[in-house]
Amino acid sequence: MQNAKDSFYMALRNRLAVINPDRTILLRGTVRPGIVVEEAEAPFSPLPSDVFVLRWVGLGIDTDLASTMAAEECEILYQTCGTQSFGGLDRGRALSEMDEELVAILQPYYTPKLNYTPTPPAAMLTQVFWDEAAFTPLVVQRDLLSRSAKVTVLSYQEQGE
Amino acid sequence: MATTWFSAPAPVARRVRAYFAPVNRATAAPTVFDPAEQGAFSVDSPPAPWISLGWIQDFTRKSASKTAPVLSGIPAAALEQVRETLNAEVSLQFLSWTKLTMALATGSQHMNLLAPAVGAAGAADGALAATAVVVESGSTANFVSLAASDAAKFAPGSIIAIDADYVGQTGYVGSPVSGAYVRQPLTDVDYIRRITFNVALVSAVSSSGLTLAEPLPAGAPSAGSKLQALTGFVDREGGSFYQEWSALFVLQGSQGERIFFHYPRLQTMAGAEEATSPIGAKSSGSQARVLLKAQFMALPVIDPLDGERVLCYRSFLPAPNGIV
């Protein structure tokens, strides 16, 4: 299941780097595309703004199939205060931009499954796939606008996993 | 040892895509789809002459063929089976309104509302049309050459129909799709352009002609073709004409597998009908999407492989590395 989670994250990260190369985050001295997996970083408090944060929550398993299917629920959180140059008055536009980016990087709704443990990553036999995201209502905390979206990521367990 | 296969469960597909190709009505010759040669096509750019009809929903296909046992002995027991009737039906909802989807979903002929001549008396299926303009040589499927004075009559955003003048012929008319069957000579010189499927949206206009947003279904206009603007489409409940087309439905599985349903000949078997779909499952508003409902009957073709009469081909291209 870790391979599916890694593959989903890397697919979104690579797509984001193409769609908006300016959305980046500086983490541990390295500038990376602005999307991170919460459980793979030091604890955030609070969550970073203008960045997508992937949080893995639910898990379901269906073993009554030719290959076991795993359904892993991913919550994607993002927030913004807008930009300083506009005094934060563009925070609504900034959040809309992140909404649109998230819709775009989720398509197409599949990606090849890779094992990222070795270097370079090893191609596996199946694809990871998911459906449209379910977006939550906007949350306003003073000048901070935040939203999350839930995606169920599906994958088949392969031999050796 | 490297693992090179997996046990593929039942395909998981998000939605169904439909494609159209013409049937030569005069010879009852359908368009063939070869899944072995053409099965890997990109869903957004099907192989010619297939044209995408977009995504569809509520796709249901039903075999209504009947078999009966041949009984023998006392007491009678089934000796073998025979196929008494061959029948299959398809129903679906088109998620977009286009010339093609509207025409296929209607139970009878489908017409273009040609832009009317100034002062023409009104008519339910379009008034007397403004005079057609001549298509010049050098036109392509994406560009229609016109005299400068004719090009000036159109603007980006215009919808146009291109086909020949009607000159009194009877039988199937329209290119590349037969849009009507004329039983007795008519008087409307624009009749073929009223029923033609050869329509397109104009994306740009220059002094030399019109650039189209999408290629013409019939390809480069033939010599003698004429062009008219149209304002929309109209169909009727009634009439004696049945639309017929070659249909291809594609389900793309989550693991790269594909299921094809190829109906060489489909005819409409129900009148024009719509379905409404509320926008957003949780929405309490009254806005609803209006979908085209369609129901078809499959007609048989002779499979040249063995001479059998068949209605439909179901093909499956397995997932890469999936056990078969």
Side-chain angles (χ1 to χ4, degrees), chain A residues 1 3-5 7-8 11 60-72 74 99 103-104 106-115 117-118 120-138 147-161, chain B residues 1-19 39-46 52 54-59 93 95-96 250-260 277-285 287-289 291 316-324:
Chain A
M1 289 178 273
N3 292 323
K5 292 161 65 177
S7 300
F8 177 72
I61 298 290
D62 187 347
T63 57
D64 295 336
L65 298 169
S67 293
T68 296
M69 173 183 270
E72 296 164 280
C74 182
D99 292 338
V103 170
L106 286 171
Q107 298 178 67
Y109 298 105
Y110 59 87
T111 190
K113 185 154 75 166
L114 280 78
N115 180 354
T117 304
M124 301 184 74
L125 301 174
T126 60
Q127 298 194 111
V128 180
F129 56 104
W130 55 93
D131 210 337
E132 291 161 340
F135 289 85
T136 62
L138 177 74
R147 196 198 300 282
S148 70
K150 285 190 175 173
V151 180
T152 300
V153 179
L154 302 160
S155 63
Y156 293 113
Q157 292 295 102
E158 299 183 23
Q159 293 182 27
E161 278 195 295
Chain B
M1 193 174 87
T3 304
T4 55
W5 53 267
F6 74 103
S7 299
V12 177
R14 292 186 71 243
R15 46 190 181 171
V16 186
R17 188 99 176 221
Y19 300 89
F41 70 87
S42 161
V43 292
D44 292 324
S45 54
S52 174
W55 301 105
I56 59 173
Q57 72 175 27
D58 283 358
F59 172 71
Q93 294 176 0
L95 290 172
S96 58
V250 180
L251 282 81
Q252 173 83 45
S254 66
Q255 301 304 308
E257 66 271 53
R258 279 186 171 184
I259 303 170
F260 297 100
S277 171
I279 295 181
K282 295 176 183 173
S283 170
S284 58
Q287 294 204 85
R289 187 173 291 111
L291 309 175
F316 177 57
L317 302 187
N321 308 308
I323 282 184
V324 295

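Note that the structure is a prediction, hence the values are computed from the model and not measured. Chain letters run A, B, ... following the sequence lines, proteins first, then strands; residues in each count from 1.
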Participant: Specify the closest pair of heavy atoms between A:Trp130 and B:Arg14, including all atoms of both residues, with the distance to one decimal.
Facilitator: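 Nearest pair, atom of A:Trp130 first, then B:Arg14: O-CD, 4.3 Å.
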
Participant: To the nearest 0.5 Å, what is the distance between CZ on B:Phe6 and NZ on A:Lys113?
Facilitator: 9.5 Å

Participant: Can you tell me how far apart OG (B:Ser7) and CG (A:Leu125) are? Round to the nearest 0.5 Å.
Facilitator: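 Interatomic distance, B:Ser7 OG to A:Leu125 CG, rounded to 0.5 Å: 10.5 Å.
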
Participant: What's the spacing between B:Gln255 CD and A:Tyr110 OH if we round to 0.5 Å?
Facilitator: 11.5 Å

Participant: So which heavy atom on B:Ser254 is nearest to which on A:Tyr156, and how close?
Facilitator: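 That would be OG-CE1, 4.4 Å.
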
Participant: Find the distance between CG (B:Asn321) and CE (A:Met124) and round it off to the nearest 0.5 Å.
Facilitator: 11.0 Å

Participant: Between B:Gly256, B:Pro9, B:Pro320, which residue shows the highest count of heavy-atom pairs closer than 4.5 Å to chain A?
Facilitator: B:Pro9

Participant: Heavy-atom pairs under 4.5 Å with chain B are the metric here; pick the option from A:Val128, A:Asp131, A:Thr126 that has the most.
Facilitator: A:Thr126

